[in-house]
Every structure is written in structure tokens, then in C-alpha cells.
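Encoded as C-alpha cells, the structure appears first; notes follow it.
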Amino acid sequence: MNRFTAFLLSFLVTGAALAQAYPNRPVKVVVPWPPGQATDIAARVVAERLQSALGQPFVVENRAGAGGSIGTDVVVKSAPDGYTLLAASSGPVSIMPNLQGTPYDPLKDLAPVSLICAAPFALVTHPSFPAANAAEFIALVKANPGKYTFASSGTGTTAHLFAELFNSMAGIQARHVPYKGSAPALTDVMNGTVSFAMETVAATQTHIKSGRLKAFGVSTARRTGAMPELPPLAEVGLPGYDAAAWIGYAAPAGTPREVLARLSGEMQKLLARDDIKARLVALGLDAVSTTPEAMGMFLRHEQERYGSLIKSQNIKVEP
């Protein structure tokens, strides 16, 4: 056995031993949002099961503020040993770095672990909107540039960008009306003050089922478990449209690959379970899971897509 072979075997044995020994003490999961928010709830669902599977406490700590960037930065600056994890999500990781700038570069300063769920959005209007389906909606709004308005939960939010992406792909010109949250935005769609919105299925499904909102389809390429009766917009009016907010786990850059792989492997197993899928569907979320490498590719794609959209639509947030 030559020296290189001996070194390689030693390295592999050490890596395997590291993964086998991890974790040997409590793991902290930083949620950069307040308790009760979607990222917080989804992260807790996964943390509970990781605790059972790996035999150590996974302690959730909420570090909210600055659109999720404060808690994200806390993790970025933590030791890369697998004992501080981030409940990552679209806003502070994929959108904010393109829109406002952040003290971290998510593609360099974070090590992806796995996606855990996707949050589909729905295109909704007042029930009286004069279109029977998504194709008619697009044709009508496209034929009347500047006549219609769309609401969002705020400039630069995921809801705003998904609507802008939809408008851009459909060739629609509509005026943006930002609100401070999805609840007031949807209220004004329901009372007819604003023409339409692209908001989460979680926020819209009750209003859709009650008849206070008309839904034309979901933003994802596949139907969502929360409202399987709604077709993907890509199938009924806008081919190629596929967008969802995402939630996942990440760690500080430099975290050992063996640790990332072990965490990801456990997440893939638990997110394949029917009871976990059902729990997430009840929250308006669809379970997904990935390898660290696949999540890394996904994050690069998302940041490039949002960056291009923000630039092309000249989207800016007031300082």
C-alpha cells in the first residue's frame, strides 16, 4: 500500500467515523423569523423528527429581524461543526441578496443540507372577475395594459416577485399595489379594490373554498397537496411558469461534508413519510428533499432567476 492510498483510506475512515459520531451533543436550529411563521413551523416539524432519529436535542431558536437576515448572519458566523443549523428560506437567501444586499453571500457562506418543503402560490381575483380560466385572464389583462392592478405583501417580497414573473412571462402590464402583509393585500382583492394577487395557497385556500376568492391555478408545475383541484398555471395558460417559495436547512460554510450528508439522508427519509407529508400539506406546504449538492444547484438557479427579474423590472426597496 503506497502513502497516497493509505492517506485516502485514513481520510475515508475518519470521515465515516465523524458522521457516525455526529451528533454527540445538542444541535441548535436558528429560525430567522418569529414563532408561528411558515419557516418556523416547518423547521420544527423536521427538528422534532431529527431529534428522535439522531438521539440528541434539536433546539429551535428564533432570531427574527431585518427580513430574516439577522438570524441568517448568526448562522453564517457560527462554528462550521454541524451544531448550528439554519432554517433557510427564499427571502433572506435567494431574494434579499439581490434586492438590498446582505452581510453574507449565501452561495459562499452557507453549506446546503436539504430542502424540506415548497410553498405554492395561487393566482386569485375577486369572484366577479370576468374570466373563466387562466388563459382568459391573461388575454383580458394583456389586452388592457395599465388598467388592472395587483396586490402583494410588500415590495420585494416573494409574492411580489412571483406576480412580476407571471406578468413578465405573460406580457402583462399591471400596476403593483404593495401592502404590509398578505392579509390586507387579500382583503382588498376580496373587496374588489385591487384586481388580482399571487399569494400562498396557505393564505388563500380558506377564502377560495368559501367563495370569497376566485382561483385560476397554482404557481408550481405540479398540483399541490393542499388544493389538488387547482391546475398548474403552466398547464392552463402560461407554459413554463413554475415558482414556489422554499424552506430548507443549511449550515455554515466549511461544515464537514459527512455531517451534511448524514443530516440530508435523515431528512430525505423522514420527508418521504406519509405522516410528515400530511402534516406539511395541512400547512399549505409540499414536502420535498434533496442532497446537499442538489440544493446547492437549486440555490444558484434561484438567485440568478430573482436577480435577473429584479434587474429587468427595476424593482427597488425604499431605504
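These numbers come from the heavy atoms of this one structure, side chains and all, not from hydrogens, waters or symmetry mates. Counting begins at 1 with the first residue of the sequence.
In plain terms, the two heavy atoms of G71 and L86 that are nearest each other are O-CD1, 4.2 Å. Summarising the geometry of P252 relative to A111, their closest heavy-atom pair is O-CB, 3.6 Å, with the distance given to 0.1 Å. Closest of all the heavy-atom pairs between S69 and A66 is OG-O, 2.9 Å. Nearest heavy atom pair, residue S78 against residue T84, reads OG-CG2, 3.5 Å. V194 and A151 get closest at one heavy-atom pair: CG1-N, 3.4 Å. The minimum heavy-atom distance linking A64 with W33 is given by the pair CB-C, 3.6 Å.
Counting only distance, with no hydrogens or angles, the side chain of S210 and the backbone of H207 share a donor-acceptor pair below 3.5 Å. A donor-acceptor pair under 3.5 Å links the side-chain atoms of E136 to the main chain of A132, judged by distance alone. S90 places a side-chain N or O within 3.5 Å of a backbone atom of W246 that can act as its donor or acceptor partner. Judged purely by atom type and a 3.5 angstrom limit, K108 has no side-chain atom pairing as donor or acceptor with the backbone of A253. Side chain of T290 to backbone of S114: no donor-acceptor contact under 3.5 angstrom is found. Under a 3.5 Å cut-off, the side chain of T187 and the backbone N or O of A183 do form a donor-acceptor pair. Within the 3.5 Å criterion, the main-chain N or O of T255 finds no donor-acceptor partner in the side chain of D81. A donor-acceptor pair under 3.5 Å is absent between the side-chain atoms of D242 and the main chain of A234, judged by distance alone. A donor-acceptor pair is defined here as one N or O able to donate and one able to accept, closer than 3.5 Å; such a pair exists between the side chain of N191 and the backbone of T193. Judged purely by atom type and a 3.5 angstrom limit, N144 has no side-chain atom pairing as donor or acceptor with the backbone of K147.
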* To do: Output, in order, the C-alpha distance, side-chain angles, deciding distance and verdict of ring-ring contact (aromatic ring centres under 6.0 Å, His included) for F166 and F150.
  => CA-CA 11 Å; F166 177 85; F150 68 97; 9.6 Å; no

* Step by step, would you call I276 with R49 a side-chain contact (heavy atoms from CB on, under 4.5 Å)? -> CA-CA 9 Å; I276 300 299; R49 296 307 189 278; 3.5 Å; yes

* **Test side-chain contact (heavy atoms from CB on, under 4.5 Å) applied to K28 and L85, step by step** => CA-CA 6 Å; K28 180 168 66 176; L85 304 176; over 6 Å; no

* To do: Run the numbers on R279 and E48 for salt bridge (Lys or Arg N to Asp or Glu O under 4.0 Å), then give the verdict.
  => CA-CA 13 Å; R279 192 167 173 187; E48 289 172 6; 3.2 Å; yes

* Worked verdict on R222 versus T220 for side-chain hydrogen bond (donor to acceptor under 3.5 Å, both in side chains) -> CA-CA 5 Å; R222 295 181 179 180; T220 47; over 6 Å; no

* To do: Show your working on side-chain contact (heavy atoms from CB on, under 4.5 Å) between M198 and L165 and close with a plain yes or no.
  => CA-CA 10 Å; M198 188 77 71; L165 179 64; over 6 Å; no

* Report the C-alpha distance between F58 and V46 in whole Å, list the side-chain angles of each, state the deciding distance to 0.1 Å, and finish with yes or no for side-chain contact (heavy atoms from CB on, under 4.5 Å). => CA-CA 9 Å; F58 277 69; V46 172; over 6 Å; no

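For the atom pair E164 CD and I172 CD1, the distance stands at 11.0 Å (nearest 0.5 Å). Expressed to the nearest 0.5 Å, how far OG1 of T158 lies from CD1 of I95 amounts to 3.5 Å. Rounded to the nearest 0.5 Å, atoms NZ (K214) and OG (S128) are 7.5 Å apart. In this structure, NZ on K311 lies 12.0 Å from NZ on K316, to the nearest 0.5 angstrom. We find the CG-NZ distance between L285 and K277 to be 14.5 Å, quoted to the nearest 0.5 Å. Taken to the nearest 0.5 Å, the OG atom of S152 stands 7.5 Å off from the CD atom of E199.
Within the 6.0 Å centre-distance limit, the rings of Y148 and F129 are counted as a close aromatic pair.
The closest side-chain heavy-atom distance from L299 to P112 is below 4.5 Å. Within the 4.5 Å cutoff, the side chain of R212 has no heavy atoms near those of the P127 side chain. R300 is listed as a side-chain neighbour of L107, based on a closest heavy-atom distance under 4.5 Å. Using a 4.5 Å heavy-atom cutoff, the side chains of L50 and M267 are in contact. Residues L263 and Y22 are in side-chain contact: their nearest non-hydrogen atoms beyond the backbone lie under 4.5 Å apart. You'll find the side chain of Y241 reaches within 4.5 Å of the side chain of S219, heavy atoms only. Side-chain atoms of L54 and R262, non-hydrogen and from C-beta on, do get closer than 4.5 Å to each other. The side-chain heavy atoms of I315 and H160, taken from C-beta on, include a pair separated by under 4.5 Å.
When the side chains of ILVMFWY residues are joined at heavy-atom separations under 4.5 Å, either directly or via intervening members, I41 and V60 end up in a single hydrophobic cluster. With hydrophobic clusters built from ILVMFWY side chains whose heavy atoms lie under 4.5 angstrom apart, L270 does not share a cluster with V281. At a threshold of 4.5 Å between side-chain heavy atoms, the hydrophobic network of Ile, Leu, Val, Met, Phe, Trp and Tyr places L260 and Y249 in one connected group. Residues I208 and L233 are members of separate hydrophobic clusters, defined by side-chain heavy-atom contacts under 4.5 angstrom among Ile, Leu, Val, Met, Phe, Trp and Tyr. The same ILVMFWY cluster, assembled from side-chain heavy atoms under 4.5 Å apart, contains both I138 and F216.
With sequence neighbours excluded, no residue forms a salt bridge (Lys or Arg N to Asp or Glu O under 4.0 Å) with R175.
The neighbour count for R44 CZ, taken as heavy atoms of other residues, nucleotides or ligands under 6.0 Å away, is above 12. Heavy-atom neighbours of R223 CZ from other residues, nucleotides or ligands within 6.0 Å: above the threshold of 12.
Judged by distance alone, the side chains of Q268 and S264 do bring a donor and an acceptor atom under 3.5 Å apart.
Below 30°, between 30° and 60°, or above 60°: for F196 and F137 the angle between ring planes is above 60°, a perpendicular geometry.
Salt-bridge check for R63 with D73: failed, with every basic side-chain N at 4.0 Å or more from each acidic carboxylate O.
Each of V75, V76, T102, T72 was compared with D109 under the side chain to side chain contact (heavy atoms under 4.5 Å, CB included) criterion, and only V76 meets it.
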